[in-house]
Amino acid sequence: MSDTPLLNWTPPKPPRFLGATFNAARDGKRLNEQCQRVHDAMIDGVERGLNQIAAITGDPEASISARLRDLRRYGFTVSRRYVERGFWLYQVSK
């Protein structure tokens with residue numbers, strides 16, 4: 001769990017992303033900025049679908065899903081609730 005208040009959180013530097021193809025020099029800034037946008041969109045605790053988060057951030061749904069996983073690794077609780085036909089709602093909390 002993160003000790004940083006949710007409103008004051010920023011992604012760690014250097015970025016701690018996973019994956020064999022991740023290159024910090026090439027991808028770090030872009031992924032940190034995406035992570036920050038997803039975080040900022042979700043700090044109000046409202047449940048949202050990936051499509052709703054995408055409308056707020058301008059990022060692709062697949063990227064948002066990955067950034068939600070990153071937020072989990074950074075110590076946030078990312079809850080999800082199944083609605084129907086593959087549609088999930090997500091909520092981020094500290």
Side-chain angles (χ1 to χ4, degrees):
M1 178 82 51
S2 173
D3 292 329
T4 305
L6 192 58
L7 291 171
N8 297 330
W9 181 82
T10 57
K13 292 178 178 135
R16 295 183 310 210
F17 297 101
L18 303 176
T21 61
F22 173 71
N23 177 297
R26 180 191 63 216
D27 304 319
K29 183 177 187 287
R30 176 181 56 86
L31 295 180
N32 261 5
E33 289 173 352
Q34 275 185 349
C35 199
Q36 186 70 57
R37 285 192 297 271
V38 171
H39 168 271
D40 292 350
M42 298 300 290
I43 60 172
D44 59 6
V46 173
E47 286 184 315
R48 291 184 177 88
L50 293 176
N51 61 333
Q52 294 166 306
I53 303 168
I56 294 168
T57 66
D59 296 307
E61 291 182 22
S63 295
I64 292 165
S65 180
R67 301 300 71 83
L68 288 170
R69 286 191 303 273
D70 292 336
L71 287 173
R72 279 188 187 104
R73 281 194 291 277
Y74 294 146
F76 292 94
T77 299
V78 179
S79 306
R80 66 181 191 157
R81 181 172 61 87
Y82 183 76
V83 178
E84 65 181 7
R85 297 187 331 229
F87 184 75
W88 294 81
L89 291 175
Y90 297 87
Q91 184 179 39
V92 174
S93 59
K94 189 173 170 283

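Small disclaimer: the values here were computed from a predicted structure and weren't measured. Sequential numbering from 1 along the given sequence is applied to the chain's residues.
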State the [atom1]-[atom2] distance between [X] and [Y], to the nearest 0.5 angstrom.
X	Y	atom1	atom2	value
Ser65	Asp59	OG	CG	12.5 Å
Met42	Gln52	CE	CD	8.5 Å
Leu50	Arg80	CG	CZ	10.0 Å
Glu33	Lys29	CD	NZ	3.5 Å
Tyr90	Glu47	OH	CD	11.5 Å

Donor-acceptor check, side chain of Gln91 to backbone of Gly45, threshold 3.5 angstrom: yes or no?
yes

Counting distance only, does the side-chain N/O of Arg48 pair as donor-acceptor with the main-chain N or O of Ala41 below 3.5 Å?
yes

Derivation of the salt bridge (Lys or Arg N to Asp or Glu O under 4.0 Å) call for Asp27 and Arg30
CA-CA 6 Å; Asp27 304 319; Arg30 176 181 56 86; 3.3 Å; yes

What closest approach, in Å, do [X] and [Y] show between heavy atoms, and which atom pair accounts for it?
X	Y	answer
Leu68	Val92	CD2-CG2, 4.0 Å
Thr57	Arg37	CG2-O, 3.6 Å
Cys35	Leu71	SG-CD2, 3.9 Å

Hey, are Asp40 and Gln36 close enough side-chain-wise for a donor-acceptor pair under 3.5 Å?
yes

Start with the C-alpha gap between Tyr74 and His39, add the side-chain angles, then the distance that decides, and say whether side-chain contact (heavy atoms from CB on, under 4.5 Å) holds.
CA-CA 11 Å; Tyr74 294 146; His39 168 271; over 6 Å; no

Honestly curious: do [X] and [Y] fall in one hydrophobic cluster under the side-chain, below-4.5 Å linking rule?
X	Y	result
Tyr82	Ile53	yes
Ile43	Leu89	no
Val78	Phe87	no

Quick one, Glu61 with Asn51, criterion side-chain contact (heavy atoms from CB on, under 4.5 Å). Give me CA distance, side-chain angles, the key distance, then yes/no.
CA-CA 6 Å; Glu61 291 182 22; Asn51 61 333; 3.4 Å; yes

Gln34 and Ile64: CA distance, side-chain angles, deciding distance, side-chain contact (heavy atoms from CB on, under 4.5 Å) verdict
CA-CA 8 Å; Gln34 275 185 349; Ile64 292 165; over 6 Å; no

